[in-house]
Amino acid sequence: MTQIIWREIEEKWRRKWEEAHLFEADPDPNRKKCFVTFPYPYMNGPLHLGHGFTATRVDVYARFMRMRGYNVLFPWAWHWTGEPIVGASLRIKSGDKELIRALKEIDSVPEEELEKFVDPIYMANYYTQESREVVKRIGFSVDWRREFHTTSHEPAYSKFIEWQYITLRDMGYVVKGTHPVVWCPSCQSPTGDHDRLVGEGVFPEEYVLIKFIFGDAFLPAATFRPETIFGVTNMFINPDGDYVEALVNGEKWIISRSAAIKLSEQLRKVNVLREFKGRELIGKYFKEPISGRELPILPGWFVDPDSATGVVYSVPAHAPADWIALKDLMDKLDLLREFKVPPEVVRNIKPISLISVEGFGEYPAIEIVEQMGIKDQFDPKLEEATSLVYRKEFHTGVLKPICGKYAGKVVKDVKAQIIEDFKKMGIASTMYDLPQKVVCRCTTKCIVKILSDQWFLKYSDPEWKRLAHEAIDLAKVFPESARMYFHDKIDWLRDWACARKTGLGTPLPWDPEWIIETLSDSTIYMAFYTIAKHIRQYGIHAEQLTKDVFDYIFLGKGDLGEVSRRSGIKEHILKEMRDEFLYWYPVDLRVSAKELVPNHLSFFIFQHVALFPRELWPRAIGVNGMLMIEGQKMSKSKGNFLTLKEAINRYGADVTRMTLLLGAEDMDDPDWRDENARSIDAKLRSLYALIGQISGLSGEDEVKSIDRWLLSIIQERIKAVTEAIENLKTRTAAEIALYEIWNDIRWYLRRRGSPNSMILKEVASIWVRLLTPFTPFLCEELWSILGNKGFISVAKWPEYDESKVDVRSEEIELFIKSLLDDTMNILRVTRLSPKKIYYYVAAPWKWRVYMRLLEESLSRRLDMREVMKVLMTDAELRSMAKILAPLVSRLIEEVNSLPIERKQRLLKAGVIDEFYEISESKEFFEREFNATVMVYREDDPNKYDPRGKAQQSKPLKPAIYIE
RNA sequence: GCGGGGAUAGCCAAGCCAGGUCAAAGGCGCAGGCUUCAGGAGCCUGUCCCGUAGGGGUUCGCGGGUUCAAAUCCCGCUCCCCGCACCA
């Protein structure tokens, strides 16, 4: 039964909205527009609660703005571009059990559908259909006439993307270049983090190769510390490693066999002349290229031929590993004999110190090895020692005189210069390699490949960055703290490889073997929404959407007649499209999760500033946290994946929306808890019952202070909810609209006994409208229960009415409430069951003092002496100076600690006739305490006051006596 | 490593930018009472410690400081989360 009610209500109103075409928005010059967007979801799976959270925030804003009279457009589309859909499809074809199980169990894909997923387009289509239904069910106020999906399977969209990229290339923002990637030699494609069995988060690092001279060949030794060349003492080669002599771009290099393969993937022409074991080199001498010193090659099994060139030079003064290796060799005479290396060659090697660094002496490497007690080459602490010395020397190390022109410089300041110089001198080169092992999902070990002929979006361009920064400065950013994040990411972005060889998408128009990559084809598509309607409505063919046409529509370029003639699209249609684009653009709000800031949202900014004039740049960006499920990050593998569909099935749309919204705002991560959803379900049911009761009320039309209080307080709520949504503080807004107002009404009903039905209905009408953006289906139902015609979705948003704000009534209510609390507190502490409760309200002169103090305290901090001086000017008060002093002293303390706003409110409320107010509320107090309540004035000579309590009374704090 | 966000009572979570109404909103949970034929419903009360008169004490990651006054401002420290590129 519980489920049925929500579903019935939701389906009913959804149908009515659709029949009325309520959310279809067309340009209307008489109304201000508001264009909100949600990043189209990727269709390799169903929508989940995370999508639901972000999109609900968009919908709340859309619904709010619509009720405020804006012409609101909230369109929707689907993202198909990229690898994963194709990848999943292939895995299904190959019978990937785990994936198939996940699709069946989590996505609830029926068996007969699953079979057809071997076609990626079928799969994308399936999820699109599914998701569209879910988007409708959750009540997003979408104009579906503008729906589309991406890729070449939506030719009109493809034409749009082609236009975008041709335009960007003409502007010089798309350029050709090279780029190192982690590469699987077997799959012949880049291996992204998600495609790896081993080595997540590992990316290519650039090594410097120092070309040591070895006869007519070079021994290119790999290092991150080229400056240490000044301290080289020898070289290490793995005697058992496979090495080659190869022509590398015409030079003879001696490197490991795998290095030869790697280099051939890094834009070098590699021709292997012969292969041999490393031991062949041991005991021979090479020449260091700067000063020509002759140095020995020694055996080192720690040298990994699979790492970089497999050639390592030794700097024992500064590299702990080198020092350890040398020390090892010194003791191993047999070994040296085997390689025919005279022991004195090793013994005579003296570390050469080239960096002075605070905290260490001549030979940091030797010191740290001793300090950390590192025993041999295989000690795991060796790595830590290496990185410690490296960091310390890099940041604070100063090069010694031995380093020639670099002497006296801090390492980190000259490193780049050294590399550049060495390259110029022809003694250094570079290569990429992976610092750790990476294995592709296909089980092949990955290498680094330099892709050539890559197309890049030139996000490194300083002028482009400057404009992007400017766009962020001009936009509203919710929350404000995300603004810095954007600036930071804009600075950090480098050129972006914007085309791929595989996956779905739109081919690069001038180089169609490349497909425009997924993040790059989704940056300005909001513009496409504005014309997607016309393309469908007028049956415009993709071929008609030429560059001229888009130039005209989006940039206002070209001659209308000419463009029309050439494209075959009628002039009035082109004009209409141009006008519609200009009407809706710019985007007024785009919202996404914070994980998209460094990529999608920044790209969105970059591309807008490149293509559109300032007045069409995005107006506001909202960023939110990532959804957690029961305190855990949502993931299919953890089994805590909740689809939006499943949530709606379980709780209904309104409960789902409200639960999501109450979860979090700003950049905090909302946490979906089943317990919360259930409690909100109960809350909304009881709201339904309460509004039903209110709608049936009649009679009682006297307007009391408590009625004015309710009307007043609801104004504050209107204001707070309105401001919160304006700033996308959706949690705050929902919290006030649901709970705070509820509490207000509860207090009102409790206080009022028999409510004023007119006023309560008025407030209910406001309340339901304030809730509409959050729980639209239920509110439509309540709206009609309250006797309204038409949709609440387009009803007028309640407006803050200052004339109804009644500070005095609010202060009176605070007074009553605190009297209630005080009395209750006494009863609790004394454990009395009261028969009679006596209140004694403060005498008029006390009030006079109080008001005077409040006034005085507006401008300064009160001080006893001054205050008394002021008060003594009052004749009546002067006569009672003795009793005055202790009261004033207490009041000063009280008043001084009041914030200025409160003081102003109290002054505005003025003297409150406490006797009257308590008498008015006598019934209420008697009901609450189940006792007789008597109220006296402090100065009433006939009062009943057996304990002499009356004199304790202070303004707003009557004395209390209970018996 | 670089960058961003955090740490508040049993839990979740406001407040901090603009210092005082803060023992600290709201929700959940828990306890007691009321209402109800019943109820994963509603209403009331309590939920840091002490208290037979509305009061007092000790709290807002840790340690200092500024101030008449600090959860809020300043300095230092510890810990946690998130992102880091060819991937949507």
Side-chain angles (χ1 to χ4, degrees), chain A residues 2 39 41-42 44-45 79 81-85 179 181-182 189-195 201 203 387 391 451 454 456 459 479-482 484-486 488-489 491-500 503 517-520 522 594-600 625-626 631 633 662-671 673 675-676 678-683 685-686 689-690 731-732 735-736 738-740 742-743 746 749-750 814 818-819 821-832 861 863 893-894 896-903 905-906 928 947 949 952 957-962:
Chain A
T2 49
Y42 187 64
N44 67 335
H79 203 196
T81 310
E83 297 273 359
I85 293 177
H179 186 61
V181 294
V182 178
S189 73
T191 311
D193 251 3
H194 306 286
D195 298 325
F203 28 97
S387 105
R391 277 208 311 270
L451 295 177
Q454 265 278 351
F456 288 91
Y459 290 147
E480 186 53 41
S481 60
M484 256 245 285
Y485 193 15
F486 273 106
D488 183 63
K489 289 304 156 192
D491 279 333
W492 162 89
L493 270 170
R494 308 193 300 255
D495 291 348
W496 181 261
C498 61
R500 289 295 106 79
E517 166 278 340
T518 170
L519 283 168
S520 303
S522 56
K594 60 187 168 191
E595 57 173 358
L596 296 191
V597 171
N599 42 69
H600 168 70
M626 297 192 25
K633 201 168 170 178
L662 286 170
E665 65 194 6
D666 294 351
M667 294 219 260
D668 296 334
D669 299 332
D671 185 9
R673 287 177 189 270
E675 183 178 276
N676 291 352
R678 282 209 308 267
S679 124
I680 286 158
D681 175 83
K683 205 98 210 156
R685 278 171 208 291
S686 128
L690 178 57
R731 199 197 78 91
T732 300
E735 195 269 333
I736 296 168
L738 183 62
Y739 294 112
E740 304 290 352
W742 201 311
N743 288 342
R746 211 173 2 230
L749 291 173
R750 181 173 166 198
L814 279 176
S818 82
L819 185 56
D821 288 345
D822 281 348
T823 311
M824 226 131 50
N825 192 232
I826 295 169
L827 291 175
R828 185 166 49 249
V829 172
T830 60
R831 299 193 190 117
L832 287 170
R861 230 186 112 66
D863 142 85
E893 204 183 334
E894 199 183 303
N896 271 337
S897 67
L898 245 32
I900 185 89
E901 302 78 39
R902 185 77 205 287
K903 292 175 191 169
R905 287 172 65 86
L906 285 165
E928 290 289 324
R947 294 282 179 87
K949 293 273 183 190
Q952 289 177 10
K957 204 155 175 77
I960 302 170
Y961 173 65
I962 299 172

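Just so you know, these numbers come straight off a predicted model, no measurement behind them. Lettering follows sequence order; numbering is per chain, from 1. Basis for what follows: all heavy atoms, side chains included, without hydrogens, waters or symmetry-related copies.
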Restricting to nitrogen or oxygen on both sides, can you table the protein-nucleotides 28-32 of chain B pairs closer than 3.5 Å?
residue, atom, partner, partner atom, Å
B/C28, O2', A/Glu675, OE2, 2.5

What N/O pairs connect the protein and nucleotides 33-38 of chain B at under 3.5 Å? Give each pair on its own line.
none

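- Taking A/Tyr459 as the reference, A/Trp464, A/Phe603, A/Phe606 meet the ring-ring contact (aromatic ring centres under 6.0 Å, His included) condition, with sequence neighbours excluded.
- Regarding contacts with the backbone of B/U45, a side-chain N or O of A/Arg750 is found under 4.0 angstrom from either OP1 or OP2.
- The CD atom of A/Gln952 sits 10.5 Å away from the NZ atom of A/Lys957 when rounded to the nearest 0.5 Å.
- By the side chain to side chain donor-acceptor pair (under 3.5 Å) test, A/Lys489 is found to be paired with no residue, residues two or more places apart in sequence or in another chain being considered.
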Atom pairs under 3.5 Å, N or O on each side, protein against nucleotides 3-7 of chain B: can you list them with distances?
residue, atom, partner, partner atom, Å
B/G3, O2', A/Asp488, OD2, 2.3

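- When heavy atoms are screened at a 4.0 angstrom cut-off, A/Ser520 is found touching no nucleic acid atom at all.
- Legend: residues meeting side chain to side chain contact (heavy atoms under 4.5 Å, CB included) with A/Arg673, ordered by chain and number and at least two apart, are A/Glu630, A/Asp671, A/Asn676.
- Distance noted for atom P between B/C16 and B/G6: 12 Å (whole Å).
- Using N1 to N3 plus N6-O4 or O6-N4 for Watson-Crick, or N1-O2 and O6-N3 for G-U wobble, each under 3.5 Å, B/G76 pairs with B/C62.
- Applying the side chain to side chain contact (heavy atoms under 4.5 Å, CB included) test to A/Ser481 and every residue at least two apart in sequence or in another chain returns A/Pro479, A/Met667.
- With B/G40, B/U45, B/A88 as the choices, the nucleotide that has an atom nearest any side-chain atom of A/Arg678 turns out to be B/G40.
- In this structure, the ring-ring contact (aromatic ring centres under 6.0 Å, His included) partners of A/Tyr961, at least two apart in sequence or on a different chain, are A/Tyr838.
- The side chain to side chain contact (heavy atoms under 4.5 Å, CB included) test applied to A/Thr732 returns A/Glu665, A/Ala724, A/Lys729, A/Ile736, not counting sequence neighbours.
- Checked against side chain to side chain donor-acceptor pair (under 3.5 Å), A/Asp495 has the following partners two or more places apart in sequence or in another chain: A/Ser460.
- Contact check for A/Lys594 versus A/Asp669: side-chain heavy atoms found under the 4.5 Å cut-off.
- For the pair A/Trp742 and B/C43, the criterion of a side-chain N or O lying under 4.0 Å from OP1 or OP2 is met.
- Using a 5.5 Å limit on the distance between ring centres and a 30° limit on the angle between planes, the aromatic ring of A/Trp492 counts as stacked on the six-membered base ring of B/A85.
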(message) Within the 4.0 Å limit for protein heavy atoms, which parts of nucleotides 48-56 of chain B are touched? Write it as a string from 5' to 3', B for base, S for sugar-phosphate only, - for none.
(response) ---BSBBS-

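- Not counting sequence neighbours, the partners of A/Arg828 by the side chain to side chain contact (heavy atoms under 4.5 Å, CB included) test are A/Asn825.
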